[in-house]
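Working notes for the structure below.
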Amino acid sequence: MPWTWNDAAERWLRETAHKRTHDDDKAKLAWINSHWSSRDLTSIDRDAIQQLAMLKAGEVRNATVNRYLSLIRAILRRAWREWEWLLRVPHVRLLPEPKRRVRWLTPTQAISLLENLTPLQRDVVLFALATGLRHANVVGLRWDQIDMQRNVAWLYADQVKNGEDLHVSLNQTAMDVLLRRKGTHSQFDFSWRGKQLKSSNTRVWKRALELAGIQNFRWHDLRHTWASWLVQDGVPLFALQEMGGWKSGSMVRRYAHLAPAHNLKHAQVIDRRLQLEPS
């Protein structure tokens, strides 16, 4: 009996149940299975993959389509290399993606944004600007992850995008936010009406952006703002990488252009080499 795509998808989920991407894979496979569930695995060729990619491209951005394609590629490769269900696998071509942008606020813009937020939203945004944490990490932060004596927060590997524990040094701005929030909830740092705050990307946030005259700005750009400010003030990229929990240096090099004077002392070596005798 020939193996089907559904057979491969189910086996993949069993074997990767321990991975932090498991739930994301389940969601993606639910959509893929709606098109390929009973399809013979050997019939999935380059054309079939491209057709599915184009179908998904009508709904989302290329970057999201590529995550689906990467999952399909991983499953087919395992079916070939480990399960020996296939004699060969088709080439999976990813869609072109635009270069990631770096959108950040000036301090004046940030202050204007904060002034137009409610007290709770203001604290959430201020904490994000102070720490560079992603939205899910901010709204999901618990008091048992905070050491108020040492000014430290800890994020566990399953909470961090790169899959590694993250030590977060809390500056005075972050500590002031936590001191204001202390006692508002027994478990979560940020709560609303006795429950964990699920999202800060709300109408209040969008309205505040409008009132502050800020356009083309996403909640995640608060993280870009934090990183940009640090680099502009001379924080080395290797330190930024550690503070932000980026897995590779390539992820932080997008901020390098914001510190043009950083390499000036190195460029001045040429000045000394080219010093000429007075004419």
Heavy-atom side-chain contact between H22 and L13 under 4.5 Å: yes

With hydrophobic residues grouped by side-chain heavy-atom distances under 4.5 Å, do V89 and L94 end up in a single group? yes

Hydrophobic cluster membership, with links at side-chain heavy-atom distances under 4.5 Å among I/L/V/M/F/W/Y: are L117 and L211 in one? no

Find the distance between CG (L76) and CG (D45) and round it off to the nearest 0.5 Å. 10.5 Å

CZ (R93) with more than 12 external heavy atoms under 6.0 Å: no

More than 12 heavy atoms of other residues, nucleotides or ligands under 6.0 Å from CG of L179: yes or no? yes

W143 side-chain N/O to H185 backbone N/O, donor-acceptor pair under 3.5 Å: yes

Under 6.0 Å from the six-membered ring centre of W192 and within 45° of its axis: does the NZ or CZ of K198 meet both? no

Is there a path from L86 to I75 through hydrophobic residues (I, L, V, M, F, W, Y) whose side chains come within less than 4.5 Å of each other? yes

Closest non-hydrogen atom pair, A157 against D165: N-OD1, 2.7 Å

Separation between CD1 (I214) and CG (L113), nearest 0.5 Å, reads 4.5 Å

Are more than 12 heavy atoms, taken from residues, nucleotides or ligands other than E84, located less than 6.0 Å from that residue's CD atom? no

W154 and H167, any side-chain heavy atoms less than 4.5 Å apart: yes

Where do V139 and Q196 come nearest, in terms of heavy atoms and distance? O-NE2, 3.3 Å

Is the number of heavy atoms from other residues, nucleotides or ligands under 6.0 Å of E82 CD greater than 12? yes

Using modelled atom types only, decide if a donor and an acceptor are shared between the side chain of S112 and the backbone of T108 within a distance under 3.5 Å. no

Would Q159 and N137 count as a side-chain contact (heavy atoms from CB on, under 4.5 Å) if you check the C-alpha gap in whole Å, the side-chain angles of each, and the deciding distance to 0.1 Å? CA-CA 7 Å; Q159 298 175 304; N137 295 138; 4.0 Å; yes

Should the pair W3 and W85 be assigned to parallel (<30°), tilted (30 to 60°) or perpendicular (>60°) ring geometry? parallel

With side chains defined as the heavy atoms from C-beta onward, is the minimum distance between L133 and L155 less than 4.5 Å? yes

Tell me whether F188 is reachable from L197 by hopping between hydrophobic residues (I, L, V, M, F, W, Y) whose side-chain heavy atoms are closer than 4.5 Å. no

Look at the side chain of D7 and the backbone N and O of T4, then say whether any donor-acceptor pair between them is shorter than 3.5 Å. yes

Cut-off 3.5 Å, side chains only: do E10 and N6 have a donor facing an acceptor? yes

Compare every heavy atom of R223 with every heavy atom of G244, then report the nearest pair and how far apart it is. O-NH2, 2.7 Å

Check whether any side-chain N or O of D25 sits under 3.5 Å from a backbone N or O of L71 as a donor-acceptor pair, and report yes or no. no

Closest heavy-atom contact between L41 and A79? CD2-CB, 4.0 Å

To the nearest 0.5 angstrom, please state how far the CG atom of L129 sits from the CG atom of L114. 6.0 Å

V138 and S200, any side-chain heavy atoms less than 4.5 Å apart: no

I need the minimum non-hydrogen distance between H35 and L55, along with the two atoms involved. CE1-CD2, 3.1 Å

Residue pair L209 / W219, side-chain heavy-atom distance below 4.5 Å: no

Any side-chain heavy atom of D189 sitting closer than 4.5 Å to one from F127? no

To the closest 0.5 Å, what do you measure between CG (L237) and CH2 (W246)? 10.0 Å

Walk me through whether Q187 and D144 qualify under side-chain contact (heavy atoms from CB on, under 4.5 Å). CA-CA 8 Å; Q187 184 179 6; D144 60 11; over 6 Å; no

Please check if the number of heavy atoms outside E15 that lie under 6.0 Å from its CD is greater than 12. yes

I'd like to know if D221 pairs up with R218 as an ion pair, taking the criterion as any Lys NZ or Arg NE/NH1/NH2 lying under 4.0 Å from an Asp or Glu carboxylate oxygen. yes

Name the orientation class of the two ring planes belonging to W36 and W5 (parallel below 30°, tilted from 30 to 60°, perpendicular beyond 60°). perpendicular

Do T42 and D40 pair up side chain to side chain, a donor and an acceptor below 3.5 Å, judged on atom types alone? yes

Going from CE on M251 to CG on L240, what distance comes out if it is rounded to the nearest 0.5 angstrom? 11.0 Å

Treating T21 as the side-chain partner and D24 as the backbone partner, does any N or O pair qualify as donor plus acceptor under 3.5 Å? no

For E97, does its backbone N or O pair with a side-chain atom of N62 as donor and acceptor, under 3.5 Å? no

Spell out, yes or no, whether L69 and V60 are grouped together once hydrophobic residues are joined by side-chain heavy atoms under 4.5 Å, including indirect joins. yes

Heavy-atom side-chain contact between L170 and R150 under 4.5 Å: no

Go through it in stages, so that I can follow the logic: the residues are H224 and H220, the test is ring-ring contact (aromatic ring centres under 6.0 Å, His included), and I'd like the CA-CA distance, side-chain angles, deciding distance and then a yes or no. CA-CA 7 Å; H224 290 319; H220 187 73; 5.3 Å; yes

Nearest atoms (heavy-atom pairs only) where T184 meets S191: O-OG, 3.7 Å

Can you tell me if K26 has over 12 outside heavy atoms packed within less than 6.0 Å of its NZ? no

I72/L52 under side-chain contact (heavy atoms from CB on, under 4.5 Å): CA gap, chis, key distance, verdict: CA-CA 11 Å; I72 292 170; L52 191 69; 3.8 Å; yes

From CA spacing to verdict: side-chain hydrogen bond (donor to acceptor under 3.5 Å, both in side chains), T202, Q121: CA-CA 9 Å; T202 62; Q121 289 273 14; 2.8 Å; yes

Crowding at CD, Q50 (>12 non-hydrogen neighbours, <6.0 Å): no

In Å, rounded to the nearest 0.5 Å, how long is the span from OG1 of T173 to CG of L178? 11.0 Å

Heavy-atom count around R142 CZ within 6.0 Å, excluding the residue itself: above 12? yes

Output, in order, the C-alpha distance, side-chain angles, deciding distance and verdict of side-chain contact (heavy atoms from CB on, under 4.5 Å) for W229 and L258. CA-CA 9 Å; W229 288 356; L258 296 173; over 6 Å; no

Check: W226 and M243 side chains under 4.5 Å, non-hydrogen atoms: yes

